[in-house]
Amino acid sequence: MTAMTVRTRFAPSPTGYVHVGSIRTALFAWLLAQQNNGVFILRLEDTDKAREVAGSGEHIMESLKRLGLQWDEGPDIGGPYGPYKQSERLATYRHWAQKLIDSGRAYADPYSPEQVERFRTDAKAAKHPFLYRDHRPNSPPKWDGTQPLRFHSEPKPYHWHDEVLGDLSAGAEVIDDFVLLKADGYPTYNFAHIIDDHLMQITHVIRSQEFTASVPRYLNLYEALRLEHPLLATMPYVMGPGGKKKLSKRDGAKDVLDYVRQGFLPEALVNFIATLGWNDGTEQEIFSMDELIKKFSLERVQRSGAQFDEQRLIWMDGCHIRQLPLEKLYKKVEHFWPKEATNYDTEYKHRVLALVQDRLKYGAELVELTKFFFTDLSVDASLLDSSKQLKKIDRQTIKKLLNQAKASLEQSDFTLDDVTHRLNELLETTAQKPAVLFSIIRIATTQAPASPGLADTLAVLGKERSLDRIDQALAAW
RNA sequence: GGCCCCUUCGUCUAGCGGUCCAGGACACUGGGUUUUCAUCCCAGCAAUCACGGGUUCGAAUCCCGUAGGGGUCACCA
């Protein structure tokens, strides 16, 4: 007996960008497909033309691609069960709607939107849940395609299993006659996704929490259609700051592409998003893509919401950066050099990158961290005053020490070994602590509040530039 | 209001009846590594496991309540 191919899907509506919360749903669906040698499908649910945002379909695809979540079937590349854009599948939905009409399980809604709205507000005023079927017409008109088409539900209680939440149940009171086809001819999500998941042979429906309350209605519809339902898995929300509300665009949730643009590594973003609400049961925190594919499981997905913590993402990106071989890191941060770096060859930039790899947290930080390797910064004497070690030492002493350093470095060939040797020698001849002597030289040669190790920095900077900067500092201090 | 779901350090979490007066990580604090910032290493801070009842020799873990939070009740997804 051959196991059924696992087919998962990510089905966003093109109404904007994807934030961390929705991308996590996509990631888990993708991981599940990869781990089972299955198929990951991208389907665009563009059935609400009022809310649709032009270009967001492309934007979503770009986001997935940049994170490495490539789909096997989708609107741009097609596949055996296309089209993968719901607006291009209208005839299919009408066909299935007709089946329901024929079996007496769908009927035309005779009310105007205002009338339905009135039913709703009345129910709300009476602190009652709104049920359309309380107003179900006895003899609905023949459906002519201009009225909404409603599902004729058969209310009953349901028990079902959710791969994440476990066994769930709900009573008959939540089952209602929801709209299948809107007056504009487009299907609702509630109808379209069921037809598509079936036709596209989806095995696992992984979706966010707001849909769990609707599951009993879906189950009722599956029965009316005589279809088996796929495995269902509910993802908890990713919460925004404060932890009370789900992450949302309204409250400033960032586009995942923004993180990519800031130079966060895809593998770090994926690691972070995956471990926000999932872990493998060990104390491991840093996972490669391959490890995630191997170890992921729906059963270990958290049942409660998880708050988004950017600090943790920053830390994690630093971890991934440090793990990367220099050459790979070089390729990934190519776009983040200070603009002055264009005048320098790749060998020099490699040497600079090697020095800052340990302290780099994300790509965009590269500018601040390496600026002084590429351009002379104006001499800033306030750096001396803000130094814990130097603020108590008078300018004359500082300049005297710097002159001594200059004298020695003028003799150096500026290899790392020689610079190191001379710096050590200077500590002895000046009888100074490194905290004092090295700070002076460091500030003189970098004019930066922070830099890599002094000997390394000088060796990369080179003799001419280092001595030049020492002279400038001596003149200005 | 009805229905459904959730509840362990500030945050992400481990834990599926005894090895937990609760472990790890982020953040924070202090110390160490020839300067700074960072890495790395040590140490510290931090949850009476939402609360109250049971069950049990024994409960963060099982059961029942309560409270708090969230979701849903659209011709949005």
Side-chain angles (χ1 to χ4, degrees), chain A residues 11-13 15 45-48 50-51 109 111 113 116-117 120 123-132 147-150 162 165-166 168-171 173-174 176 178-184 186-190 192-193 207-216 234 236-237 239 241 243-246 272 275-279 281-286 302-309 311-316 318-319 322 356-361 369 383 386-390 420 423-424 427 432-443 446 448-455:
Chain A
S13 64
T15 53
E45 311 220 317
D46 57 339
T47 55
D48 184 353
R51 288 206 317 153
D109 178 347
Y111 302 113
V116 177
E117 186 54 32
R120 199 188 330 277
K124 198 170 182 183
K127 300 204 165 192
H128 240 259
F130 168 67
L131 280 176
Y132 180 93
Q147 317 103 316
L149 186 71
R150 282 195 184 257
D162 185 284
L165 294 177
L168 302 176
S169 61
E173 69 280 358
V174 303
D176 197 17
F178 57 91
V179 171
L180 302 168
L181 297 178
K182 299 180 265 186
D184 65 5
Y186 284 84
T188 59
Y189 165 83
N190 299 137
H193 90 272
R207 61 167 53 120
S208 149
Q209 222 179 43
E210 67 254 38
F211 298 105
T212 45
S214 309
V215 167
T234 297
Y237 289 124
M239 313 298 259
K244 292 283 169 71
K245 289 167 73 181
K246 71 168 175 169
F272 172 72
T275 52
L276 229 197
W278 173 87
N279 69 81
T282 73
E283 285 176 358
Q284 184 171 352
E285 312 269 349
I286 305 297
Q302 210 70 23
R303 270 164 275 270
S304 54
Q307 200 172 316
F308 179 86
D309 180 9
Q311 294 271 32
R312 205 176 153 77
L313 169 62
I314 291 169
W315 163 74
M316 207 170 257
C319 290
R322 270 171 259 131
V356 299
Q357 178 167 16
D358 276 356
R359 64 202 65 210
L360 189 62
K361 294 286 208 303
L369 253 30
L383 287 170
S386 56
S387 160
K388 239 193 299 183
Q389 305 288 344
L390 302 182
T420 308
L423 289 175
N424 285 331
L427 287 176
Q432 284 293 338
K433 288 184 190 158
V436 172
L437 181 69
F438 289 1
S439 289
I440 293 170
I441 306 173
R442 196 189 67 74
I443 291 172
T446 65
S451 69
L454 182 57

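Within every chain, numbering begins at 1; the chains are lettered A, B, ... in the order of the sequence lines, protein sequences first and strands thereafter.
Applying the 3.5 Å distance criterion, the base of rC6(B) shares no donor-acceptor pair with the side chain of Arg303(A). Between the side chain of Arg442(A) and the base of rU36(B), a donor-acceptor pair under 3.5 Å is found.
Within the 4.0 angstrom heavy-atom criterion, no nucleotide atom of any strand lies near Pro216(A). Note on Thr446(A): nothing from the nucleic acid sits closer than 4.0 angstrom, heavy atoms only. Within 4.0 Å (heavy atoms only), Lys245(A) reaches no atom of the nucleic acid at all. Residue-level contact check: Leu427(A) touches the bases, meaning some heavy atom is under 4.0 Å from a base atom. Looking at heavy-atom distances under 4.0 Å, Glu285(A) makes contact with a base. Among the atoms of the strands shown, base atoms are found under 4.0 Å from some heavy atom of Ser451(A). Thr47(A) comes within contact range of the sugar-phosphate backbone alone, with a heavy-atom separation under 4.0 Å but no base atom that close. Within the 4.0 angstrom heavy-atom criterion, base atoms lie near Tyr111(A). Using a 4.0 Å heavy-atom criterion, one finds that Phe211(A) contacts the bases of the nucleic acid, with or without backbone contacts as well. Here Thr282(A) lies out of heavy-atom contact (under 4.0 Å) with every strand. Among the atoms of the strands shown, only primed sugar atoms or phosphate atoms (P, OP1, OP2) are found under 4.0 Å from some heavy atom of Gln302(A). Backbone-only contact: Ala435(A) has heavy atoms under 4.0 Å from sugar-phosphate atoms and none from a base. At a threshold of 4.0 angstrom between heavy atoms, the contacts of Glu210(A) include nucleobase atoms, whether or not backbone atoms are also involved. Within the 4.0 angstrom heavy-atom criterion, only backbone atoms of the sugar-phosphate kind lie near Gly277(A); the bases stay farther away.
A donor-acceptor distance shorter than 3.5 angstrom exists from the side chain of Thr188(A) to the backbone of Val179(A), with no hydrogens or angles considered. With hydrogens and angles ignored, the 3.5 Å screen pairs no side-chain donor or acceptor of Tyr111(A) with any backbone N or O of Glu117(A).
Counting heavy atoms from C-beta outward, Val116(A) and Asp109(A) have side chains that approach closer than 4.5 Å. Between Gln432(A) and Ile440(A), the closest side-chain pair of non-hydrogen atoms is not below 4.5 Å. A heavy-atom distance below 4.5 Å is not found between the side chains of Arg312(A) and Gln307(A). Inter-residue side-chain proximity for Lys246(A) and Gln209(A) is flagged as unmet; no heavy-atom pair is nearer than 4.5 Å.
Across all strands shown, rA67(B) is found opposite rU7(B) as a Watson-Crick or G-U wobble partner, with both distances under 3.5 Å. Across all strands shown, rA47(B) forms no Watson-Crick or G-U wobble pair with both key distances under 3.5 Å. If you check rC62(B) for Watson-Crick or wobble pairing at under 3.5 angstrom, you find it paired to rG54(B). A 3.5 Å limit on both hydrogen-bonding distances identifies no Watson-Crick or G-U partner for rA38(B). A 3.5 Å limit on both hydrogen-bonding distances identifies rG2(B) as the Watson-Crick or G-U partner of rU72(B).
For the pair Asp309(A) CG and rC28(B) P, the interatomic distance rounds to 11 Å; values are reported in whole Å. In this structure, Trp315(A) places its CH2 atom 17 Å from P of rA38(B), rounding to the nearest Å. Protein atom CD1 of Ile443(A) is 9 Å distant from nucleotide atom C1' of rU35(B), rounded to whole Å. Leu383(A) has its CG atom 18 Å from the P atom of rU35(B), to the nearest Å. Rounded to a whole Å, the CG atom of Asn190(A) is 9 Å from the C1' atom of rA74(B). Residue Trp278(A) contributes atom CH2, which lies 18 Å from atom P of rA25(B) at whole-angstrom precision. Across the protein-nucleic acid pair, Leu313(A) atom CG and rU11(B) atom C1' stand 14 Å apart, rounded to whole Å. Taking atom CD of Glu283(A) as the reference point, atom P of rG23(B) lies 11 Å away to the nearest angstrom.
Of the listed nucleotides (rA14(B), rU36(B), rG23(B)), rA14(B) has the atom at the smallest distance from the side chain of Asn279(A). You'll find that the side chain of Val179(A) is closest to rC75(B), out of rU39(B), rC75(B), rA27(B). When each of rC3(B), rC73(B), rA77(B) is scored by its nearest atom to the side-chain atoms of Glu173(A), the top-ranked nucleotide is rC3(B). Closest to the side chain of Gln307(A), from the set rU11(B), rA74(B), rU39(B), is rU11(B). Closest to the side chain of Ala183(A), from the set rG1(B), rU11(B), rC75(B), is rC75(B). Residue Lys127(A) has its side chain nearest to rG1(B) when only rG1(B), rC37(B), rU13(B) are considered. Distances were taken from every side-chain heavy atom of Leu168(A) (C-beta onward) to each of rC26(B), rU39(B), rC5(B); the shortest belongs to rC5(B). When the nucleotides rC26(B), rU35(B), rA77(B) are ranked by their closest atom to the side chain of Thr188(A), rA77(B) comes out on top. Here the side chain of Ala450(A) is nearest to one of rC37(B), rU34(B), rA25(B), namely rC37(B). Listed nucleotides: rC12(B), rC75(B), rA25(B). Nearest to the side chain of Leu276(A): rC12(B).
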Can you check side-chain contact (heavy atoms from CB on, under 4.5 Å) on Trp315(A) and Phe272(A), steps first, answer last? CA-CA 10 Å; Trp315(A) 163 74; Phe272(A) 172 72; over 6 Å; no
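Taking OG1 of Thr15(A) as the start and CZ of Arg51(A) as the end, the distance is 5.0 Å to the nearest 0.5 Å.
Look at Arg150(A) and you'll find a side-chain N or O under 4.0 angstrom from OP1 or OP2 of rC75(B). In this model, the phosphate group of rA74(B) is approached by a side-chain N or O of Arg120(A) to a distance below 4.0 Å at OP1 or OP2. Listed pair Lys182(A) / rA77(B) meets the phosphate criterion, a side-chain N or O lying under 4.0 Å from OP1 or OP2. Side-chain N/O atoms of Arg322(A) include none lying less than 4.0 angstrom from OP1 or OP2 on rA38(B).
When the nearest nucleotides of RNA chain B are assigned to Ala213(A) and Pro129(A) by heavy-atom distance, the more 5′-ward of the two goes with Pro129(A).
Inspection of the Ser451(A) and Arg442(A) side chains reveals an N or O donor paired with an N or O acceptor under 3.5 Å.
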